[in-house]
Colleague: 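First the structure, which I've put down as C-alpha cells, then a few questions once you've had a look.
Throughout, numbering of the chain's residues begins at 1 and tracks the sequence. Atoms within each ligand, like the ligands themselves, are counted from 1 in listed order.
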Amino acid sequence: MIRTGIVGLGFMGQQHFAIHQAMDSIQLLAICDKKEKRRAAQAEAVGGNIGEAQTLDLSALARYATVEELIANPDVDCVDICTPTYLHADMTVKALEAGKHVICEKPMALSADDCQRMIDAAVASGKLLLVAQCIRFWPAYEKLSEMIRHGELGRLTSAKFTRVSPMPTWSQDSWLLDNALSGGAVTDLHIHDVDFIISVFGRPKSLSTQAANRFSSGQKLDHAITQYFYGDFVCVAEGGWGFPGTWPFEMAFCVLGDEGCLEFSTAKSPMLTFYPMSGDATHPQVSDETGYQREFAYFAECLETGKHPDRVAPESAMESVRVVMAERHSAETGEVISL
Ligand SMILES: NC(=O)c1ccc[n+]([C@@H]2O[C@H](COP(=O)([O-])OP(=O)(O)OC[C@H]3O[C@@H](n4cnc5c(N)ncnc54)[C@H](O)[C@@H]3O)[C@@H](O)[C@H]2O)c1
C-alpha cells in the first residue's frame, strides 16, 4: 500500500484526490492547502477546464496548512504536488530531501535550473520522481504513439496538435493569469503538446513561434503557434487560452502519413478516427480512462516495483520546459531557434 499526501487542493489537486481515493494500491493519508476552506473537513470544490470536481470529504485525513507539516508526517511515503507551478521546485526538493517519493504536476518548473534542482534532489535521495505529463498517458495519444512506432501511419507527412480553451478563471488568487507565476498559456497549457511531440518525435532541429496576447500585457503568452523543424515532415502545435467563456475546451491532433491519417478531437464524436489511404474510416477503440488515472496507475506500479518512471524521465520533462523557453524566445525575437 502506498501512503500518500496531496499538496494543493485546487482544480488539479481535487482531480488527483478522486484518483487517490479510487485506487486500491493507494491510501491517501493527508492533504495540505494554504487556504482554510480547501482543507476544511468538507472542502470547497473548484471548477476547471476538464469537468467539475465534487465537494470533498476530508474529515478522515490529516489536514495541514503548510507543506513542511505534511512532509513531517512519517506515515506519508509519497507526496503529490498540485500547487502553482512556481512552487513545484522548492516543494519537490523538500519532499525528496525528507525521503518521500514525489509525483509533481506539469510543468515541471518555470526554469531549467529549477528542473535540474529537482532532478539532483531525486538522485541524491534515491526516491522516485514523476512529472505528471498526463498526455503521454492519454489513451488517444498513446494510440497515436503506438501507431507511429509500429509504422501503421507509414512515412509521416504532417502532424498538427491543438489545445485551446477559455481563460482559466478558477486559479487561487488568479496565479495562472500572472505570467511571472505560470508562464502563461505557452508554458502552462501548450507544454502538454510540446512534451508529447518531443516524447514521440524527439527534439526538433529548430523551431519558430508566433504568439499573441488577448488579455495579458507584456510578453506574448496567451496564444502561440509553433512550427517544429524536423526536416522530413511538417509539425505544428497551437495552444491558447484566450477564447470566449462559452468556447468548449478542445484538445486535438491530426497526423498524416502515407498509410493514412489519425485524427482526434474532444470536439468530435466519436473523438478518434483513422482514415486509411484506401478503405473505410474506422474508430480505434481505446481505454475510457483519463491520462490522469493512467499516469497514477503507472506511478503506483513504479513505486511497488522500485522501477524508475522512465515513461516520463525527469530529464525529458525538463527538456519540455527548455523547448517552451525556446518558443518564448522565438516569439519575442521573431528568430528561428536552433535546438
Ligand atoms: N495536467 C493537467 O491537465 C493540469 C490541469 C490544470 C492544472 N495543472 C497544473 O496543476 C498545478 C495546479 O494548478 P491548479 O489549476 O490546480 O491551480 P489552483 O489555483 O486551482 O490550485 C492550487 C492550490 O494550491 C494551493 N496553494 C497555493 N500555495 C500553496 C502553498 N504554499 N501551500 C499549500 N497550498 C498552496 C492553493 O490554495 C490552491 O488550492 C499547476 O502546476 C498547473 O499547471 C495541470
Colleague: With a heavy-atom distance limit of 4.0 Å, tell me whether Ser182 approaches ligand 1 through its side chain, its backbone, both, or neither.
Modeller: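 It is neither; nothing of Ser182 touches ligand 1.
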Colleague: Between Glu263 and Lys268, is the closest basic N to carboxylate O distance under 4.0 Å?
Modeller: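 Glu263 and Lys268: salt-bridged.
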Colleague: Report the member of Glu69, Gln172, Glu295 with the shortest heavy-atom distance to atom 19 (O) of ligand 1.
Modeller: Gln172
Colleague: Hey, are the side chains of Leu129 and Val102 touching, using non-hydrogen atoms and a 4.5 Å cut-off?
Modeller: yes
Colleague: Asp188 versus ligand 1: do any nitrogen or oxygen atoms come within less than 3.5 Å of each other?
Modeller: yes
Colleague: Does any N/O atom on Ala65 come nearer than 3.5 Å to any N/O atom on ligand 1?
Modeller: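 Not met; the criterion fails.
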Colleague: Is there a polar contact between ligand 1 and Gly8, counting only N or O atoms under 3.5 Å apart?
Modeller: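 No, no N or O pair falls under 3.5 Å.
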Colleague: With a 4.0 Å cut-off on heavy atoms, is His192 touching ligand 1?
Modeller: yes
Colleague: Quick check: does Asp33 get an N/O under 3.5 Å from an N/O on ligand 1?
Modeller: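 Min N/O separation from ligand 1 is below 3.5 Å for Asp33.
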Colleague: Pick, from Thr85, Thr83, Ile81, the option with the minimum heavy-atom distance to atom 11 (C) of ligand 1.
Modeller: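 Among Thr85, Thr83, Ile81, the closest heavy atom to atom 11 (C) of ligand 1 belongs to Thr83.
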Colleague: Testing the basics here: between Met91 and Thr83, what is the closest heavy-atom pair and its distance to 0.1 Å?
Modeller: SD-OG1, 3.4 Å
Colleague: Hydrophobic cluster mates of Leu256, side-chain heavy atoms under 4.5 angstrom, ILVMFWY only, any path?
Modeller: Met277
Colleague: Check whether Leu339 and Phe196 end up in the same hydrophobic cluster, where Ile, Leu, Val, Met, Phe, Trp and Tyr are linked by side-chain heavy atoms less than 4.5 Å apart.
Modeller: yes
Colleague: At under 4.0 Å between heavy atoms, is it the side chain or the backbone of Cys134 that contacts ligand 1, or both, or neither?
Modeller: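 Side chain only.
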Colleague: How close do Lys106 and His88 get, counting heavy atoms only, and between which atoms?
Modeller: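 Looking at all heavy atoms of both residues, the closest pair is O-CE1, 3.8 Å.
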Colleague: Does the Asp33 side chain pair with the main chain of Arg39, one donor and one acceptor, at a distance under 3.5 Å?
Modeller: no
